[in-house]
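All heavy atoms count here, side chains included; hydrogens, waters and symmetry mates do not.
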Amino acid sequence: MKKYDFPAIEEKWTKRWRDEKVYEPDFSSPRGKGKFYNLMMFPYPSAEGLHVGNMYAFTGSDIYGRFMRMRGYDVFEPIGLDGFGIHSENYALKIGTHPAAQAEVSEKRFYKQLEIVGNGFAWEERLETYKPEYYKWTQWIFTEMWRQGLAYRKKQAVNWCPSCKTVLSDEQAERGACERCGSGVEKKDLEQWFFRITKYADKLLKNIETIDWSEKVKIAQRNWIGRSEGAKIKFKIQNSNLKDESQNPKYELEVFTTRPDTLFGATYLVISPEHDAISNFQFPISNREEVEEYVANAKKKSDEERIENKEKTGIELKGIKAINPANKEEIPVFVADYVLSGYGTGAIMAVPAHDKRDLEFAEKFGLGVVSVILGGEENALYEGSGPLMNSGAFDGMDSEEAKKKITEFVGGETHTQFRLRDWLISRQRYWGPPIPMVYCDACAKEGRGEQKEMPGWYAVPESQLPVVLPQVEDFRPKGTGESPLASDESFYKTTCPACGSDARRETDVSDTFLDSAWYYIGYLMRFENWKLEIGNSSFAERMKLWLPVDMYIGGAEHSVLHLLYVRFLAMALKDAGLISFEEPFPKFRAHGLLVKDGAKMSKSKGNVINPDEYVKEFGADAFRMYLMFLAPFEQGGDFRDQGILGVSRFLDRIWKFYDRKTWGTSDDASLERALHKTIKKVTEDIENLQYNTAISACMIFLNECEAKGTMSESQARAFLKLIAPFAPFLAEEIWSRFFDNEKSRILDSRDESGQKGFHSIHREAWPTYDASKLIEETLVIVVQTNGKVRDQFEISLTATQKEIEEKALASERVRAFLGGNAPKKIIYVPGRLVNIVF
RNA sequence: GCCCGGGUGUCGGAACUGGUAGACGAUCACGACUCAAAAUCGUGUGGCCGUAAGGCCGUGUGGGUUCAAGUCCCACCCCGGGCACCA
């Protein structure tokens with residue numbers, strides 16, 4: 001017997017699959033049942049090599065793709081590298097190379113690793129986000145967003161990472177820490193580029209109900225978008241020193257609240273330190289210096305400090321009072337940093353009796369507390385609903401109804417507020433696509449420009465794209481609020497596309513997440529002929545035929561990053577008439593997290609798994625099968641070195657079993673039943689991504705075959721196909737040795753000409769089960785007394801309930817427990833058990 | 001604090017709409033093969049009592065519903081993840 005020589009066999013098939021384009025779909029005319037776009041989140045090649053977490057995700061996705069192909073779909077499973085951006089740049093900084101040079105090294109390394117693990121990738125369509133032919137279109141999308149009025153520049157307090165020396169989006173400032181490096185994020189007032197994602201807040205939220213995604217990701221997006229219904233209410237502000245109202249200038253403060261029903265209980269107002277009223281000093285306040293000092297201190301606080309220390313601070317604006325529009329009472333106005341500037345109007349009405357935070361503040365500053373909702377315990381905080389009190393004419397009204405009525409009563413307007421903020425898209429870094437915008441001073445002075453609100457700004461015309469990222473030696477982030485490109489005069493000096501005078505290019509680059517927000521379209525593009533237009537181009541045809549993606553698999557850590565941005569961009573492109581769908585991924589599944597020996601993998605712990613070592617020792621098949629066997633794919637699990645042995649032995653046993661080639665002449669009935677049960681189980685499990693139990697079912701079947709010592713040829717073929725998605729090399733090798741004369745081709749005749757001299761098992765038809773073959777010959781009935789198992793027996797399928805109960809009562813064990821007593825009750829569960837109660 | 005997951009042998013994990021808890025692996029022990037070891041094959045492997053047959057206990061804790069609960073209900077504890085002063 002020849003030992004299974006996996007290194008040679010895996011190398012052979014890797015090459016053959018690629019050479020003979022086994023995994024390339026027919027883009028213009030999909031074969032079989034039609035197209036199936038099977039996408040996995042592409043990796044960013046920032047680390048030393050492919051991470052086992054990547055492999056885990058890819059394998060799970062690949063099994064699904066192979067399964068769908070065998071079920072007759074023309075599967076497109078592309079691969080590429082998300083190599084532009086801060087991830088890769090930080091890695092280059094760390095090891096002291098230039099990111100462009102590093103990209104070349106990583107590219108080779110990653111593709112090599114990706115190839116040896118046995119995924120059915122369509123290699124010809126691969127892409128890298130840092131190639132000019134790719135980022136030309138990333139830039140073009142930026143200009144398109146600009147033309148749609150979805151890109152704008154604005155000065156505001158933004159997240160700044162002092163270590164990465166760039167601004168970050170809200171999504172990338174996780175709990176006040178930089179998503180990339182973990183440093184504490186600071187607030188800086190800077191003028192930056194934003195994408196108007198908030199325009200789509202409502203649609204992003206509503207569409208969640210229509211897409212088939214892992215529930216936890218949907219929940220995360222709902223929370224992040226954060227819709228609240230409430231009202232905007234205006235409070236008059238008056239100078240408390242001026243008694244003559246006619247002399248009093250008309251100041252107003254508008255607040256947002258979700259509880260207008262509690263308006264009678266509002267005993268003070270609070271505005272955020274960044275509120276316009278403060279920066280412009282509209283109000284005639286008497287303690288201006290104190291207030292300025294407080295505001296300056298508050299702005300200095302990092303997000304981290306604000307999150308850690310929730311002790312309320314604030315200062316009253318002396319000399320002014322607000323008028324509660326409901327009861328006309330004068331109430332004080334404070335500035336305090338527990339009120340956020342970017343949400344609602346940046347000002348709130350405080351109702352300490354019915355809001356925990358307001359109560360904390362009121363207690364600290366000795367402010368009034370007036371209960372206006374009946375409910376909860378007396379004199380205790382109550383945040384629920386109920387009938388009103390202390391609310392004049394509204395007393396007794398239910399709070400839900402009062403929300404509307406009180407808003408009307410004071411002339412407020414109902415308002416739906418989202419937590420989602422616009423996507424800050426510019427970065428003061430080097431390794432990214434330069435933002436393709438030009439600023440012309442001359443035009444600005446005369447108020448000319450492409451957008452009224454932003455005179456002087458022009459998008460780089462398509463004919464001049466890409467704006468190539470220049471090769472600069474000192475690419476390190478400067479920390480000045482400008483990108484390294486701002487030091488390269490030859491880069492930023494240009495002429496105005498409108499008037500021809502000297503102009504300056506934008507020197508910031510765009511966020512990495514813009515690169516990955518459209519890559520699923522990029523895979524269909526073939527750079528040379530792409531026009532993002534619904535027109536006559538072959539690309540447009542491919543888009544129509546192949547999009548949206550049929551199955552998307554990736555990590556849940558992107559719930560509010562990539563997965564939100566990509567949905568937003570699709571909606572924007574749809575509205576611009578550039579694509580024909582608004583949800584790019586109707587079906588998405590998040591895979592679980594892989595840990596090692598119960599602990600998270602990290603370099604500092606030294607427990608990072610290097611896939612190469614395992615592939616070398618056990619083969620790619622064994623490694624990928626073990627990854628899928630160790631736990632449910634969507635749950636994630638614990639990688640233990642010893643576990644791989646079980647799978648490795650299983651594959652060896654398959655090899656040996658087939659190598660003996662001891663096909664029986666007839667289909668053994670019980671083995672046939674076992675096979676059909678296995679087909680059913682494996683098919684259903686793969687559909688549900690429960691690969692661990694699918695593999696287990698295969699093991700059970702092989703155990704039975706070995707016990708019998710034989711199986712028929714047709715059984716051997718069917719079983720091998722079940723193994724194929726999990727162990728593609730082994731299955732292919734056995735197939736080519738024994739069965740490559742199959743006539744069950746599922747795709748079509750194009751395969752015959754496309755492949756020279758072999759028929760891949762990966763294009764064979766997936767076996768189907770015959771329900772009539774699943775039926776057992778006899779029933780096994782369990783016998784219980786008082787719910788405890790005492791006995792069991794076999795009986796024919798045709799036995800009546802009476803016969804079964806009699807047989808159960810006749811059981812010696814049962815009789816021993818009954819001890820001559822008559823049973824009180826007999827419960828019969830058809831085909832399963834008899835429970836005798838006494 | 002809020003929202004999701006999840007707590008099952010020595011370990012990873014199975015268990016349909018409530019119906020034989022521990023599938024499949026790993027580990028360990030013993031046996032076969034071998035001069036020997038590895039590999040491979042076979043048997044056993046939740047705890048307690050018992051020579052055995054068998055019995056009792058057992059799915060985080062405490063209660064409940066039911067002929068029957070890992071599964072349903074109530075209260076609580078622990079672990080992992082997400083959000084967090086969003087008015």
Toward the 5' end of RNA chain B, by each residue's nearest nucleotide, A:Arg419 or A:Gln792 = A:Gln792
Pair listing, salt bridge (Lys or Arg N to Asp or Glu O under 4.0 Å) test, anchored in residues 822-838 of chain A, at least two apart = none
ask   = Between A:Phe235 (CZ) and B:rA87 (P), how many Å, whole number?
value = 16 Å
message = Would you say A:Lys708 and A:Ser670 are linked by a side-chain donor-acceptor pair, where the criterion is simply a distance under 3.5 Å?
response = yes
query = A:Asp685: what forms a salt bridge (charged side-chain N to carboxylate O under 4.0 Å, His left out) with it, not counting sequence neighbours?
reply = A:Lys681
query = Can you tell me how far C1' of B:rC28 sits from CG of A:Leu645, to the nearest Å?
reply = 14 Å
ask   = Where does B:rG80 fall, syn or anti, if syn means a chi angle no more than 90° from 0?
value = anti
ask   = P atom, B:rC2 versus B:rA75: distance in rounded Å?
value = 13 Å
query = When you compare B:rG44 with B:rG58, how far apart are their P atoms, in angstrom units rounded to a whole number?
reply = 27 Å
ask   = Where along residues 823-831 of chain A does a heavy atom fall under 4.0 Å from RNA chain B?
value = A:Lys825, A:Ile827, A:Val829
query = In dot-bracket, 5' to 3', how would RNA chain B read with Watson-Crick or G-U wobble pairs under 3.5 Å, [ ] for crossing ones and | for pairs to another strand?
reply = (((((((..(((......[....))).(((((.......))))).((((....))))..(((((..]....))))))))))))....
Side-chain donor-acceptor pairs under 3.5 Å in residues 557-566 of chain A, sequence neighbours left out?
residue: A:Ser559; atom: OG; partner: A:Ala556; partner atom: O; Å: 2.5
residue: A:His562; atom: NE2; partner: A:Tyr552; partner atom: OH; Å: 2.7
residue: A:Tyr565; atom: OH; partner: A:Ser169; partner atom: OG; Å: 2.9
residue: A:Tyr565; atom: OH; partner: A:Glu171; partner atom: OE1; Å: 2.9

ask   = Do the charged groups of A:Lys677 and A:Glu776 touch, with an N to O distance under 4.0 Å?
value = yes
Residue met sooner reading RNA chain B from 5', once A:Gly643 and A:Ile219 are mapped to nucleotides = A:Ile219
A:Arg790 to A:Phe817 six-membered ring, cation-pi geometry met (6.0 Å, 45°) = yes
inquiry  = I need a per-nucleotide contact map over nucleotides 7-14 of chain B, read 5' to 3'. Cutoff is protein heavy atoms under 4.0 Å; write B for the base, S for backbone only, - otherwise.
reply    = ----SBSS
request  = Using distance alone, with no hydrogens and no angle criterion, decide if A:Arg567 and A:Gln221 have a side-chain donor and acceptor under 3.5 Å apart.
outcome  = yes
task = Scan side-chain atoms only and decide if A:Tyr294 and A:Thr313 contain a donor-acceptor pair under the 3.5 Å cut-off.
result = yes
key: Between B:rG81 and B:rA26 - C1' atom distance, rounded Å   = 27 Å
request  = For the side chain of A:Arg832, starting at C-beta, report the closest nucleotide among B:rU40, B:rC16, B:rC56.
outcome  = B:rC16
